[in-house]
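What's counted below: heavy atoms across the whole structure, side chains too, no hydrogens, waters or symmetry copies. Lettering of chains follows the sequences in order, A, B, ..., and the numbering in each one begins at 1.
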Amino acid sequence: MSQPFPFTFDIVAEDPATHARAGVLHTPHGDVPTPIFMPVGTKATVKGLMPSQVADLGAKIILANTYHLAMRPGAELVAQMGGLHAWERWDGPILTDSGGFQVFSHGDHVKLTDDGVTFRAVDYDGSYVTWTPEENMRIAELLGSDICMQLDVCPGYPCDRAFLERAVDLSSAWAERCWRAHTRPDQALFGIVQGGMDLDLRLLSLRRLEEMGDFPGYGIGGYSVGESHDVMFESLAPLAGEYMPRHKPRYLMGVGNPTTLVEGVGVGIDMFDCVLPTRTARMGTAFSDEGRLNLKNACHRADPRPIGEHCGCPACAGGFSRSYIHHLVKQREMLGGILLSLHNTWYLLDLMARARRAILDGRYAAFMAEYRDRLDGRRDF
RNA sequence: GGGGAUGUGGCACAGCGGCAACUGCGGCGGACUGUAAAUCCGCUCCCUCUGGGUUCCUUGGUUCGAGUCCAAGCAUCCCCA
């Protein structure tokens, strides 16, 4: 590749009444229409689904995780086997998360230093893993994703002020080191805004990233870590809606449930990812316009209806009934989790496609209101 | 006909004098947000439920107290004729 790939982001339409916008993100493996939901394939697989199925669902970009792949089987092996795309048989764009979230999820086993972070890989062999921004970039480049995320520190909620500030400082410092260490021209590096629920800290974090370099996109990390929906939007809404650069994609990391996606688009978010559709699917839960459905519940035992009456996913359109899926889930048959993964992933992809259409039509506010009404107070998060 | 073994909550299995009874399965419900997750957490004899009632094949007995010890009966399984 002689020419550095231009990771441009074109805004196609902006909603007149909200901060929602529709755009296109250009990557070496194809264009990504936004707003978009990105299915998560941590260990180089969207659990339970063939890449072709993921593509057929309408997915335009998927995730993988540098921490997990570095642990097993190792980034060198993936590179040796031709890189992530060839290896996992996914031709579209791939975004790799850095492992900052894994550091957070390892809780007590983590030691942060200025140089990096050391923690016990209790999810593998219990060995101590040291992670530096430079090593993180090296792995991301070996994997060969289209977009990689900086190494960051993701605090939980609630979080004391001192740690929150430290998380912002370290994330900023590490962003700069990632920026310097990153070399692949066909891979975009996104910075990550931290700062918890504090808008001022968020703005400080954002300003540092903007001063540091011309990041092709920005992640917003550290949300959906235990706070309520309202607490989240109190700082997220002004951050995304008023302060983040207009011409760069905004990626709300780790979110989420359908309602938050719809509201998130309304405050100006372009990209989302979440394990929820595939994880809850394997546990027997389905998304629907009526809220979440637990297919394990006995009420579905003899229900001949599909999960969604008008759903176009392979499970619903394929004629699989709630009764049958209830049976599969109760018997722990693989197909149960697969059908629900197909359904849930379709649901979020379709939800964002519907959102995009509404933005293009200039009626996103009405779309949001309709979605809220359809849920009719029922819980989906 | 003779000998041996076993009977515990929907099922399987523990319990060897203080037990409303271990554990697993099953059943019912809940949680899940940049995947330590096909995982995890409750509840699962009855009731007027910070208490009360009735339980461990049946009946009788020993004991302050019995699922646990004794006797008889019933049932099931195995072996030999």
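For B:G29, the paired base is B:C41 (Watson-Crick or G-U wobble, both distances below 3.5 Å). Across all strands shown, B:G67 forms no Watson-Crick or G-U wobble pair with both distances under 3.5 Å. The partner of B:C11, taking Watson-Crick or G-U wobble pairs whose two distances both stay under 3.5 Å, is B:G24. Pairing for B:A75 is with B:U6, a Watson-Crick or G-U wobble pair whose two hydrogen-bonding atom distances lie under 3.5 Å.
The ring pair (Phe, Tyr, Trp, His ring centres under 6.0 Å) pairs that include a residue from residues 156-185 of chain A are A:W179-A:F215, where partners are two or more places apart or lie in different chains. A side-chain hydrogen bond (donor to acceptor under 3.5 Å, both in side chains) check over residues 321-336 of chain A, counting only residues at least two apart or in different chains, returns nothing. Every pair tested for ring pair (Phe, Tyr, Trp, His ring centres under 6.0 Å) that includes a residue from residues 234-282 of chain A fails, sequence neighbours excluded, so the list is empty. Here ring pair (Phe, Tyr, Trp, His ring centres under 6.0 Å) pairs that include residues 9-49 of chain A, with residues two or more places apart or in two chains, are A:H29-A:H85.
Taking atom NE2 on A:H300 and atom C1' on B:C28, their separation rounds to 14 Å, with Å as the unit.
Applying the salt bridge (Lys or Arg N to Asp or Glu O under 4.0 Å) rule to A:D214 yields the partners A:K248; only residues at least two apart in sequence or on another chain are considered.
In this structure, A:E135 pairs ionically with A:R138, as a charged nitrogen and a carboxylate oxygen lie closer than 4.0 Å.
Within residues 311-335 of chain A, the residues that place at least one heavy atom under 4.0 Å from RNA chain B are, in residue-number order, A:K330, A:R332, A:M334.
Not a single donor-acceptor contact under 3.5 angstrom links the side-chain atoms of A:N297 to the base of B:G29.
Residue A:S105 places at least one side-chain N or O closer than 4.0 Å to OP1 or OP2 of B:A36.
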